[in-house]
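Order of the sequence lines sets the chain letters (A, B, ...), proteins ahead of strands, with each chain counted from 1.
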4 protein chains.
Amino acid sequence: MPTRPVTQPSRRSIGAQRNPETRDAVLDAAEQVLTERGLSGFTIEAVARAARAGKPTIYKWWGSKAALLLEVYDRNKIAEFHPNTGSVRRDVAGLLVNLMDHWEGSSAGPVFRSIVAEAQANADARHALDAYLQDLSRYIALMIGRGIPRGELPPEADCTLMAEMISALALQRLLSGRSLSVKEAGLTADTLLAGFTQPA
Amino acid sequence: MPTRPVTQPSRRSIGAQRNPETRDAVLDAAEQVLTERGLSGFTIEAVARAARAGKPTIYKWWGSKAALLLEVYDRNKIAEFHPNTGSVRRDVAGLLVNLMDHWEGSSAGPVFRSIVAEAQANADARHALDAYLQDLSRYIALMIGRGIPRGELPPEADCTLMAEMISALALQRLLSGRSLSVKEAGLTADTLLAGFTQPA
Amino acid sequence: MPTRPVTQPSRRSIGAQRNPETRDAVLDAAEQVLTERGLSGFTIEAVARAARAGKPTIYKWWGSKAALLLEVYDRNKIAEFHPNTGSVRRDVAGLLVNLMDHWEGSSAGPVFRSIVAEAQANADARHALDAYLQDLSRYIALMIGRGIPRGELPPEADCTLMAEMISALALQRLLSGRSLSVKEAGLTADTLLAGFTQPA
Amino acid sequence: MPTRPVTQPSRRSIGAQRNPETRDAVLDAAEQVLTERGLSGFTIEAVARAARAGKPTIYKWWGSKAALLLEVYDRNKIAEFHPNTGSVRRDVAGLLVNLMDHWEGSSAGPVFRSIVAEAQANADARHALDAYLQDLSRYIALMIGRGIPRGELPPEADCTLMAEMISALALQRLLSGRSLSVKEAGLTADTLLAGFTQPA
DNA sequence: GCGTAAACGAGACGGTACGTCGCGTCTTAGG
DNA sequence: CCTAAGACGCGACGTACCGTCTCGTTTACGC
């Protein structure tokens, strides 16, 4: 004799196809749980409860905590980190500020930190993290590269490594819980570009 | 019915004082477990089993997984990251290589990555991580600063930020699982110092 | 995205009427699953998979595991338990042997044991079991009653109770997993009829 | 960050030894759950909740639902089924009445029926059931055997088979949910002993 | 020199979460 | 209206660890 739920469930199957409402409810719930209770409170059970979804449904579509985390992060990725002020120095400083604001001013920061944590125990998450960080670096490198035709940087400048140092600095601050001031962002740009351009 | 162990335990109390053998056995076991089974296999139960120690003993002296992790890492810290070749450029490149070798060539890497992961859920670990990273940056800043009296860097160079970018790059590579080649280490030094010195 | 099955399904609807092929396929599959995987492996899901049928189809036509079980058992009921040798003693012994052979030599035994198990948690199944056992007893009582006009039993003999003891003995052996030898069947008849007839 | 229970648990460990309070609490809870919610509501989770015990504790000491069930039944076994009235006929009738009363008038009946059900899917439970039923038969056989020296039964009477038919009749009635009246108990004794003794 | 106190191993305990299975219901899409 | 298919909410499964607790033993130290 199976158990009959006392209250009607809020969502039902819509037939032999994935229910997008469920998908959204789970992602919303995951983001909320992560924000409110932190990484250690981020359990599949808690997400399922908050989403009024069944655990098997979550495992069916996401398969692991890391996969869920990544999709939550993807949903929250901002489209435009890279300002275009016509000055590499201002662009770099602005990007650093934008990135830190994005991480600290929304749920993106806790989510991303959770992905980094997960990546230390889970190879799939690690590869996803690596891919994401490389994407970010490429993004930044393109932004820096715009300075070459403008003469702000010499053609031989290694934009890729400069970009990686920028993302790494932001990551390190995020992970260790120290914020980055606007002034520091400016100084970082100055320091990094000192060899090529003059301080503003 | 009290349990009669079939085999005699390997260690006993030595009276009303902490047993240093137990301390060492626990730290050794923790390092071994972490290395062999990874962060997800690093549980207090596993450490206790491997150390033939009781769980309460571990909780008494370390209090949390993070504390144990930190002490394991402290034990493995290397004394000398900073070469002194007389050239800032070579020093920076050498330090990057040393640091990555230290992380990848011993159990220090997995241990440190575990601390970073733990720090994303645990404020104590986060503060410890921050303190450690700032120590590391100061260390590197001192190394870079030696170039100022030698004329390799102008007095106004922001050694602290440069140092932080170096440690951040290494950290990012460690966390995302990409190693750093000797060539990249050299290029990093070149890129960072481009404004002040000439490539070797 | 609706699923596109790689292989064409074996059966389709035949329009607005029950498909007898489906009925047979489900009953066959149920019997097979029960025989091969036992009562604990007998799940609606397993039957549906084995029959290539949808779960709702099964629920529509049978409504519960017990109902399915009962129909499987009905299909396998033997028509003729009661031998007619002209001797009550031989008839009783023969019936016991026939019944145990039927249960142990086909899928009827596991199916019936499953019904008994189901009946302990499910009132419908319990009533069905009771009805079946009373039928069986009546059957046996009629067989025994044939001895009265022949003078093997006195008119006042309680054929119903004797019949019930016979079916009960067989049931107990079935449920506890002990088989009943031919010799024991004969002894049972002797013991039961000792008061009325002489041993053969 | 592990969860701290808000309320203090009612029972704690008493050291590296089994806590008899826990044992009793689990058995009490198991009996209560089985009685109140029936076999289908008898889940390890429900027992654990009712006993305020952890599931792992139950699995550690009982290992399976069947084992728990058997221990609950053992605890409730009555010591004395077999009356001794000096008359086999009255003894048999009395025992049947006692047995049915025991099953129907306490939690022993539901518990025993659950064991029978479990035994149809679980070999361990089946062997335990078989052993229990054989014990019961031996018990009854001894009772019947007392009639031989008194001359109520001839020495060649097969007490074992008679005993088994008695227990089987009671079992069949229990399992199919039909009670056995005092009158039927008397008739059963009469029928079984008709060959040897005269009705009372 | 002897009792006390602390450290230790062991492991039981109440819990939470894990990831999986089956339940019974629902909707779709196709005959 | 029937069918196959399968998503869904739900809850139980049996397991792994968590962090706490008590036990009995062993030793150093203070009275």
Quick one: D:Arg37 CZ to F:dA12 C1', roughly how many Å, whole number?
13 Å

Check whether any side-chain N or O of A:Arg49 sits under 4.0 Å from OP1 or OP2 of E:dA17, and answer yes or no.
yes

Euclidean distance, atom OH of residue D:Tyr59 to atom P of E:dG14 [Å, nearest integer]:
15 Å

Looking at D:Thr22, does any N or O in its side chain come under 4.0 Å of the phosphate oxygens OP1/OP2 on E:dA12?
no

Student check: side-chain heavy atoms of B:Thr57 and B:Thr22 closer than 4.5 Å
yes

Let me spell it out: for each of A:Gly15 and B:Lys65, pick the nucleotide of DNA chain F with the closest heavy atom. Which residue's pick is nearer the 5' end?
A:Gly15

Verify the distance criterion only: is there a donor paired with an acceptor across the side chains of C:Asn122 and C:Ser64 at less than 3.5 Å?
no

For atom CZ of A:Arg12 and atom C1' of E:dT28, their distance in whole Å
16 Å

Counting only side-chain heavy atoms from C-beta out, which of F:dC17, F:dC8, E:dG19 sits nearest to A:Trp61?
F:dC8

Is any side-chain N or O of A:Arg11 closer than 4.0 Å to OP1 or OP2 of F:dC8?
no

Looking only at F:dG19, E:dC23, F:dT15, the nucleotide nearest the B:Ile44 side chain is F:dG19

For C:Lys65 and C:Ile44, work out which heavy atoms get closest and say how close.
CA-CD1, 4.3 Å

Any N or O donor-acceptor pair under 3.5 Å from the base of F:dA12 to the side chain of D:Thr43?
no

Applying a 4.0 Å non-hydrogen cut-off, can you work out what A:Arg23 is touching in the nucleic acid: base, sugar-phosphate, or nothing?
nothing

Looking at every strand, decide which applies to B:Ala53 at a 4.0 Å heavy-atom threshold: base, sugar-phosphate, or nothing.
sugar-phosphate

Sugar-phosphate, base or nothing in reach of D:Lys60, heavy atoms under 4.0 Å:
sugar-phosphate

A:Arg23, A:Arg75, A:Arg52 screened by salt bridge (Lys or Arg N to Asp or Glu O under 4.0 Å) with A:Asp28, the one that passes
A:Arg75

Please determine, for the side chain of C:Pro56, which listed nucleotide (E:dC18, E:dG9, F:dA5) has the closest atom?
F:dA5

Output yes when at least one side-chain N/O atom of A:Thr57 is less than 4.0 Å from OP1 or OP2 of F:dG9, else no.
yes

E:dA10 P sits how many Å from D:Asn19 CG, rounded?
22 Å

Any base atoms under 4.0 Å from C:Glu45, or only sugar-phosphate, or nothing? Heavy atoms, all strands.
base

Closest non-hydrogen atom pair between A:Trp62 and A:Ala67, with its separation
O-CB, 2.9 Å

Kindly say whether, by distance alone, the side chain of D:Lys55 makes a donor-acceptor pair under 3.5 Å with the base of E:dG15?
no

Return the value, rounded to whole Å, for the distance between atom CD of B:Gln17 and atom P of F:dG30.
11 Å

Nearest whole angstrom, please: distance from the P of E:dA12 to the CD1 of D:Ile58.
15 Å

Pairwise 5' ranking along DNA chain F for A:Ala48 and D:Ser64, keeping only the more 5' one:
A:Ala48

Whole angstrom is fine here: how far is it from CZ in A:Arg18 over to P in F:dC8?
7 Å

Side chains of A:Glu118 and B:Gln120, heavy atoms from C-beta outward: is any pair under 4.5 Å?
no

If I take atom CG in residue D:Leu68 and atom P in nucleotide F:dC13, what distance separates them, rounded to the nearest angstrom?
11 Å

Side chain of B:Arg52 - closest among E:dC23, E:dC26, E:dA10
E:dA10

